[in-house]
Amino acid sequence: MRVTEGVSSGAMPELPEVEAVVRALRPLVVGRKITSCRVLHPIAVRPSSGHGAKLAAARIEKSLRGRKVTGVTRLGKFLLMPLDRGIVAMHFRLDGQMVWFDSKETRGHIDVAIGFGKGTLGFVDRRHFGRVEFEEDPGKIAGLAKLGVDPLSKGFTREKFAQLLSKSTLPLKLFLLDQKKVAGIGNIYSNEAMWLARLKPMRRARSLSPIEAARLHKSIGAVLRRALKCCLHPAPNFRDPNWWFQGIEDILNVYGREGKKCRRSDGTILRTEQGGRSTFWCRGCQK
DNA sequence: CCTGCTACCTGATGGC
DNA sequence: TGCCATCAGGTAGCAG
């Protein structure tokens, strides 16, 4: 119940949501010069060591000012904004969002405001789990270098995926959530992919047969592409501070459906805890 | 190296 | 009605 409402109120951006944000952000900032950067909530730029937020804030403000945005890309759930010198990495974690103001005037609780002359890009996160980082060397962005293969990239082949699976004893669910293995899948789409592939979340990764591994590989791609399509229609609207992706719940088959009937078998959707997180699955058709 | 557990946050929820 | 404990979730860091 709560989980379902969490989805509709707009949370937990995974790969498809971040990809849609990337595409919508591109025309707003690529080629433009950053005229100012204000860190209004230093926790958003705090290094993961937990200290030095003030220093980090001063550094990021100084580093971004005067730089030109050369692109907007994505790796896993990271949104990357390469500059003519250095790179900005944003991670939305659970609740992070972007807002755009056509003027210098900003409203609401902005954590980091990046000014582009007449427009301003705001990074917002009520819970302050999300992070904005700047590094001259992308390899120094925390967590970025450790990321596994992006499931929408060319490198995500059936063979590569099967090999990754064969090396892990983790339960399937935890394997899919591990960003070091495959980067970009979160709690929602991991559940959806396992349901589509008819695989039980508790199965050990390396126990999958070649046929099952191929099925999961195909399902991951299908689930993510379908979600991306949903996220692009309608396109993200950063100008509306209350904007969030619409209609995601409609394409979900298991996530948040505890107690409801499975859409393709006689089973009832169950909720089980794995690694302290909710797993939704159907005993009737996931083996 | 690998896996498991917890802290980090705050809004929503539900019990009293 | 109102207060307050509980819970959700992605990731880093640490323990084993």
Any base atoms under 4.0 Å from A/Gly143, or only sugar-phosphate, or nothing? Heavy atoms, all strands. sugar-phosphate
Give A/Lys180 one of three labels, base, sugar-phosphate or nothing, depending on what nucleic acid heavy atoms sit under 4.0 Å from its own. nothing
If I take atom CZ in residue A/Phe78 and atom P in nucleotide C/dG10, what distance separates them, rounded to the nearest angstrom? 14 Å
Which one, C/dG9, C/dG10, B/dT3, comes nearest to the side chain of A/His91? C/dG10
For the pair A/Gln286 (side chain) and A/Cys282 (backbone), establish whether a donor and an acceptor sit closer than 3.5 Å, ignoring hydrogens and angles. yes
Whole-Å distance separating the CG atom of A/Leu172 from the P atom of B/dT3: 13 Å
Separation of C/dT11 atom P from A/Met12 atom CE, nearest Å, is 12 Å
Note: A/Asp125-A/Arg131 ion pair, threshold 4.0 Å (strictly below): no
Spacing between A/Asn187 atom CG and C/dT11 atom C1', to the nearest angstrom: 13 Å
Given B/dC2, is OP1 or OP2 found less than 4.0 Å from the side-chain N or O atoms of A/Thr169? no
For nucleotides 7-10 of chain B, which of its nitrogen or oxygen atoms have a protein nitrogen or oxygen under 3.5 Å away, and what is each distance?
{"residue": "B/dC9", "atom": "OP1", "partner": "A/Arg46", "partner atom": "NH1", "Å": "2.7"}
{"residue": "B/dC9", "atom": "OP1", "partner": "A/Arg46", "partner atom": "NH2", "Å": "3.1"}

Rounding to an integer number of Å, can you tell me how far A/Ile188 CD1 sits from C/dG9 C1'? 10 Å
Give a yes or no on whether A/Ile220 and A/Leu170 share a hydrophobic cluster (residues Ile, Leu, Val, Met, Phe, Trp, Tyr; joining criterion: side-chain heavy atoms under 4.5 Å apart). yes
